Every structure is written in C-alpha cells, then in structure tokens.
Amino acid sequence: MLKQERQQKIIDILNEEHKIIASDLSKRLSVSEDTIRRDLKELDSQGIIKRVHSGALRKGPPVQDFSTRKEIYNETKLNLANKALNYINDEMVLLIDGGTTNLQLVHQLPLSLKGTVITNSPPIAMALSNHTDIEVIMVGGTLFKQSMVNLGIHTYETLNEMRADLYIMGIYNIDPENGISVPSSSEALIKRKMASISNEVLGMVTNDKLDTISNHIVCPTDHLTYLITENVNPDIKLLYEKQGIAIND
C-alpha cells in the first residue's frame, strides 16, 4: 500500500471510529508502529488530525469568529437548547459563558423565568434585556472578539466572589479520555474557574465536536453533570456514561 493510500485509509478509519490507537493501526494496516507514527505526525502537521500520546483524534470544527458560527447548525442548536430548558428552573443562579449554542438557549428562555444569570458574554447579556425577572450580572474583563467573551485577570478575580447552581459551558472540543479543551489558554482558564464555582455543569455539543481535541485542556470530562447532544453512537455514549455524566441525546 502506497503512503498516500495508507494515510487516506487512516483518515477514513478516524472519521468512522473517531479515535485510533497507533499499535492497533499498525496491525490492521500491516506496517510498523514507527511507520504509523510518521503518518500521524505528517497528517497532524497538515492540520488533518490531532495526535495524542497513543494515536490520534479527529480535529474539531475549524475555529471561526462568533458572527460566522451564529449562521451554522441553527436547527441543531435549537434542538439542543430546547432539551437544555428541562434543566433550568425558577430562582436558579445560572452561569452562562460564550458560544452560539448558549446564545440560542438564552433566546429560548421563557420571559416569565425568574432568577439570576452571570455571564462574561456581551451578546448573552444583551439577549436577556427583555427578561424583566432575571437579574443579569455582567462579568467584565478584556473582550476576546473571536468568541465575544470577556477574559483576563479581572474576569478571574470577579468569579472568585461568585457561586452558581448551574454552569452552562460553551464547548469547543470534548473527548472522554482527554477531557474538554479549547484553542485559547486564556479561555481555558476562565472556563475552568467557572466550573469550579458551580454546583453542576451542563454542556451542549453538536456531533462534530465529540471525540475531538484542541490545544488547551479546560478540565476532565467527568466535571460535566449533563451532556446534551444528538444521535450518539451507543459505544461512545457508554464511555461518557461510565464517567457519571447524564447524557440527553
């Protein structure tokens, strides 16, 4: 098998199975582990896959700015948001960070809902302007325009003074073994802090983010209390459930 054919086979296997182990792949393709590692390194350098210590994972969706992401997967995001409404009750203190799926959820909140929302996302704060019975606490900081969230030391120190019943985390990448990750170290720090001050954590995840990894780890996957997604492969679903995460798909 030529290198190009072998590497395409590796990509096909990864797209189907979401994760590959180098030792297993060498047996399946009848080549040495060193050959597989070289292939994985080359595919990683091309931005096609993401290498991990034992093999490789799928790369998550491309990093795009907030306005671009608002225009894609809208029906799916709406379905996820409607599922998430079941976990929100009156008088809760909600912590909601950035993300277009989180913004879709906020748009679905009943105008009659009573409670408090803490957020570092200006678009989410603005979307709550007509909810007269929701107190909105805006966490300041330096605006990270790509994600439209406030980050930095001021954001971190302000969160030290707060506690939430439920943190609705915007998720870029998630894998049961490697955890929840994001492209930005400063965003990882703030998300990690938000999870630490919340009684429960909920994440809404489109299928293209499952079993993917980015450069900066937020926290282990088992920090999630609830994972809301769609049409999950039963084997993959079991991996999350074994970590004590309630999955709604």
Side-chain angles (χ1 to χ4, degrees), residues 66 69-70 77-172 174 180 182 184 186-205 218-229 244-248:
F66 188 84
R69 287 184 285 122
K70 278 178 64 177
K77 291 173 184 176
L78 178 59
N79 290 337
L80 298 180
N82 284 329
K83 292 178 183 179
L85 290 175
N86 295 321
Y87 301 89
I88 297 173
N89 300 308
D90 278 336
E91 308 303 338
M92 292 181 75
V93 177
L94 301 174
L95 177 55
I96 308 177
D97 69 359
T100 55
T101 307
N102 282 1
L103 181 59
Q104 184 66 258
L105 170 63
V106 168
H107 284 312
Q108 305 312 310
L109 293 176
L111 290 175
S112 60
L113 185 70
K114 299 177 176 64
T116 300
V117 170
I118 304 166
T119 185
N120 65 330
S121 168
I124 285 176
M126 292 175 62
L128 290 166
S129 59
N130 292 327
H131 289 73
T132 56
D133 293 321
I134 294 180
E135 179 184 9
V136 180
I137 300 174
M138 185 72 205
V139 181
T142 302
L143 181 64
F144 181 45
K145 294 179 181 179
Q146 186 177 75
S147 299
M148 290 301 291
V149 290
N150 294 326
L151 304 174
I153 188 63
H154 180 73
T155 311
Y156 189 92
E157 290 181 346
T158 302
L159 290 169
N160 275 329
E161 304 170 1
M162 298 179 174
R163 292 294 180 271
D165 297 310
L166 178 65
Y167 168 32
I168 300 172
M169 179 191 290
I171 295 180
Y172 287 81
I174 181 170
I180 298 166
V182 295
S184 160
S186 56
E187 198 162 4
L189 177 67
I190 295 303
K191 286 179 179 291
R192 192 180 307 123
K193 184 62 180 178
M194 288 179 165
S196 74
I197 64 169
S198 304
N199 293 336
E200 296 183 319
V201 182
L202 180 149
M204 296 176 285
V205 182
V218 175
C219 59
T221 309
D222 63 8
H223 281 39
L224 283 179
T225 313
Y226 312 107
L227 177 60
I228 299 175
T229 184
I245 303 167
I247 297 188
N248 184 336

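Excluded from the calculations below are hydrogen atoms, water molecules and symmetry mates; all remaining heavy atoms, backbone and side chain alike, are included. From a predicted model like this one, the values you see are computed outputs, not experimental measurements.
- Side-chain contact, S121 with T119: no donor N or O sits under 3.5 Å from an acceptor N or O.
- A donor-acceptor contact shorter than 3.5 Å is absent between the side chain of S198 and the backbone of L166.
- Contact record, M169 with K191: CG-NZ, 4.2 Å, taken as the closest heavy-atom pair.
- When all heavy atoms of I247 and T229 are compared, the pair lying nearest together is CG2-CG2, 4.3 Å.
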Handout entry: Trace of the side chain to side chain contact (heavy atoms under 4.5 Å, CB included) decision for T142 with L151
Key = CA-CA 5 Å; T142 302; L151 304 174; 5.7 Å; no

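- From L80, atom CG reaches atom CG of L85 across 11.0 Å, with rounding to the nearest 0.5 Å.
- With values rounded to the nearest 0.5 angstrom, M92 atom CE is found 7.0 Å from E200 atom CD.
- With rounding to the nearest 0.5 angstrom, the CE atom of M204 is 9.5 Å from the OG1 atom of T100.
- To the nearest 0.5 Å, atom CG of residue N102 and atom NE2 of residue H107 are 11.5 Å apart.
- The heavy-atom pair separating L202 from A84 by the smallest distance is CD2-CB, 4.3 Å.
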Determine all donor-acceptor pairs shorter than 3.5 Å in which one atom belongs to a side chain in residues 156-164; sequence neighbours excluded.
unit_1 : atom_1 : unit_2 : atom_2 : d
T158   : OG1    : H154   : O      : 2.8
N160   : OD1    : K193   : NZ     : 2.5

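- In this structure, I168 and D97 have side chains that are not in contact, with every pair of non-hydrogen atoms separated by 4.5 Å or more.
- Under the rule for a ring pair (Phe, Tyr, Trp, His ring centres under 6.0 Å), the partners of Y87 that lie at least two apart in sequence or sit in another chain are Y226.
- Counting heavy atoms from C-beta outward, I180 and L224 have side chains that approach closer than 4.5 Å.
- N120 places no side-chain N or O within donor-acceptor distance of the main-chain N or O of V149, the cut-off being under 3.5 Å.
- I197 places none of its side-chain heavy atoms less than 4.5 Å from the side chain of Y167.
- Atom CZ of F144 and atom OG of S186 lie 6.0 Å apart (nearest 0.5 Å).
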In residues 122-139, what donor-acceptor pairs under 3.5 Å come from side-chain atoms, sequence neighbours left out?
unit_1 : atom_1 : unit_2 : atom_2 : d
S129   : OG     : M126   : O      : 2.9
H131   : NE2    : L109   : O      : 3.0

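- To the nearest 0.5 Å, the span separating CG on L94 from CG on L113 amounts to 7.0 Å.
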